[in-house]
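Being a predicted model, the structure only gives us computed values, none of them experimental.
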Amino acid sequence: MVALVGSPVTAVKTEASRLSAQAPRLVSVDALRGLVMVIMALDHTRDFMSHQGFPPEDMAHTNGALFFTRFITHFCAPVFAFLGGTGAFLATRRGKSLPQVSRFFLTRGLWLVLLEFTVIDFAWGFVPWVHAGVIWGLGWSMVAMALIVRLPMRWIGALGLGMIATHNLLDRINPASFGKLSWLWMFLHTPGRVPVSDHFQFSVRYVLIPWVGVMAAGFAFGSLLQRPDRRKWILTLGVSATILFFVLRGLNLYGNGIAGLPFGYPRSAGPWSVQPTLSLTVISFFNTLKYPPALDYLLMTLGPSLILLGLIDKAKAEGGLSRILVVYGRVPLFYYVLHLYLIHILAILVALVFHQPILHGSVIADFATKPSGYGHGLPFIYAMWILAVAILYLPCLWFMELRSRHRDWTWLSYL
């Protein structure tokens, strides 16, 4: 990150004042979104360039540094979904009517699903591949929100929080109990592989429950940002969620999650336990289930994120790190698509330079598919991550300014 702050960007000297001048936008929201975008690139750099043949959550093989590298990226998807709802609410305060927001949720959601199956899935392996990843989850959550936003605000908030708090009661429902409709339950709550033919399976990782609830809660949260005492509310919610995480996680009775077992992941997430070493015990405590996101997982990530949002509530995009993060945060989909292709290309170039085999197929389909002699350790991965994020700054700045100059180009809002 230090390298990013010091990056010499002189192409445009007036973007800081332009960012600050857009009064309806909250710089803190854009900066937080930008921060998780930057961190997300670390996770994907590790996916493409690590020599590890196992997931960092695997308690039998992981270590502190590897797990922490994965842990800090856990914040990305929840913040992405939550702020997706918040941004939609704030759009209603920038002149958009509720029917317009509803229509945008519907069309943008379907567009994201199409992108997932084409441009994004191809980026993972440079081969045809179908995977229901984070963009799929966000897309269908937006489609659901097209209806939800028409409800009274209190109902939206109650629906979101209720889905987040209670969905772990569904963990023990086995998709197989639905027979031929087992795929439907995989779409809704329990990740897995949906067999399409003898030679093809459709993998589902991001399910609708509770991701729809996270987005709905974010939409309701947007109303708090209109209050003059919003900082107090943001910090109160963040601290409360964080404390609740430690209480629930410590009790080990509810909120751990047991439903997810996708793609060869070991069932190591869930209830924590004392391990042979202090480091492994700490890892066990914070090793919460992401697929589907357990209540513990969402409290662990959204709580601290809200605290950070409250702390930077008065931030301005006048220079330095805040300006850089806001640039990334205002063009999230553009950044997302671009960073996957960039990191994948860098991984191929690195493999060629180091005379290593080149990965074929999706890098996230199965950790065991990494060939012997492939990949690098964490120091190299962190260096390549910083390089990739630095390369992305100027294209993102260009696109942000393009959108700013052409607000009448409605189609740009879909990118």
Side-chain angles (χ1 to χ4, degrees), residues 1 4 26 28-47 55-57 62 64-87 133-135 137-138 141 160 164 205-206 210-211 213-215 217-218 221 234-235 237-246 248-249 255 257 260 269 282-283 285-313 315 321-322 324-326 328-330 332-333 335-336 339 364 378 381-382 385-386 388-389:
M1 293 301 294
L4 290 179
L26 292 178
S28 57
V29 172
D30 289 326
L32 178 59
R33 185 187 295 113
L35 177 61
V36 298
M37 300 295 294
V38 169
I39 294 174
M40 175 188 64
L42 172 60
D43 196 38
H44 296 155
T45 304
R46 179 190 55 78
D47 280 332
E57 301 93 332
T62 194
L66 179 61
F67 180 80
F68 175 77
T69 300
R70 172 62 168 167
F71 171 79
I72 60 175
T73 66
H74 277 328
F75 291 81
C76 302
V79 172
F80 223 52
F82 189 84
L83 292 185
T86 302
V134 62
I135 302 301
L138 291 174
S141 295
I164 291 171
R205 211 178 259 195
Y206 283 82
W211 288 116
V214 175
M215 191 170 288
F221 173 77
I234 297 171
L235 290 173
L237 288 173
V239 170
S240 300
T242 303
I243 292 175
L244 183 57
F245 160 71
F246 280 102
L248 288 180
R249 191 63 172 158
V282 172
I283 290 174
F285 187 87
F286 288 99
N287 189 20
T288 56
L289 191 67
K290 181 178 181 179
Y291 305 112
L295 173 59
D296 282 349
Y297 174 89
L298 292 173
L299 292 173
M300 177 185 74
T301 52
L302 290 176
S305 297
L306 289 175
I307 293 175
L308 178 58
L309 182 63
L311 293 176
I312 64 173
D313 180 54
L321 181 60
S322 62
I324 292 171
L325 295 180
V326 165
Y328 294 134
R330 289 192 176 171
L333 183 58
Y335 172 101
Y336 185 87
H339 97 285
I364 60 172
L378 288 180
I381 289 170
Y382 273 80
W385 163 57
I386 294 173
V389 174

Under 4.5 Å between any side-chain heavy atoms of [X] and [Y], yes or no?
{"X": "F285", "Y": "F246", "result": "yes"}
{"X": "F245", "Y": "P304", "result": "no"}
{"X": "I39", "Y": "F75", "result": "no"}
{"X": "V79", "Y": "R33", "result": "no"}

For [X] versus [Y], what's the shortest heavy-atom pair and its separation?
{"X": "G137", "Y": "Y206", "answer": "CA-CB, 4.1 Å"}
{"X": "M37", "Y": "F80", "answer": "SD-CE1, 2.9 Å"}
{"X": "L83", "Y": "V29", "answer": "CD1-O, 3.8 Å"}
{"X": "A81", "Y": "V214", "answer": "CB-CG1, 3.8 Å"}
{"X": "L311", "Y": "L235", "answer": "N-CD2, 4.0 Å"}
{"X": "V134", "Y": "A77", "answer": "CG2-CB, 4.4 Å"}

Exercise. How are the rings of F82 and F221 set to each other: parallel, tilted or perpendicular (split at 30° and 60°)?
Worked result: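 Tilted, since the angle between the ring planes falls between 30° and 60°.
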Exercise. Can you say whether the rings of H74 and F71 are parallel (under 30°), tilted (30 to 60°) or perpendicular (over 60°)?
Worked result: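 Because their plane-to-plane angle is over 60°, the rings of H74 and F71 count as perpendicular.
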Exercise. Would you find a donor on one side and an acceptor on the other, under 3.5 Å apart, between the side chain of T62 and the backbone of P56?
Worked result: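 Present.
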Problem set entry | T69 versus Y382, side-chain donor and acceptor atoms under 3.5 Å |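 Yes, a side-chain donor-acceptor pair sits under 3.5 Å.
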For this session: Show your reasoning for whether side chain to side chain contact (heavy atoms under 4.5 Å, CB included) applies to K290 and E57.
Result: CA-CA 10 Å; K290 181 178 181 179; E57 301 93 332; 5.9 Å; no
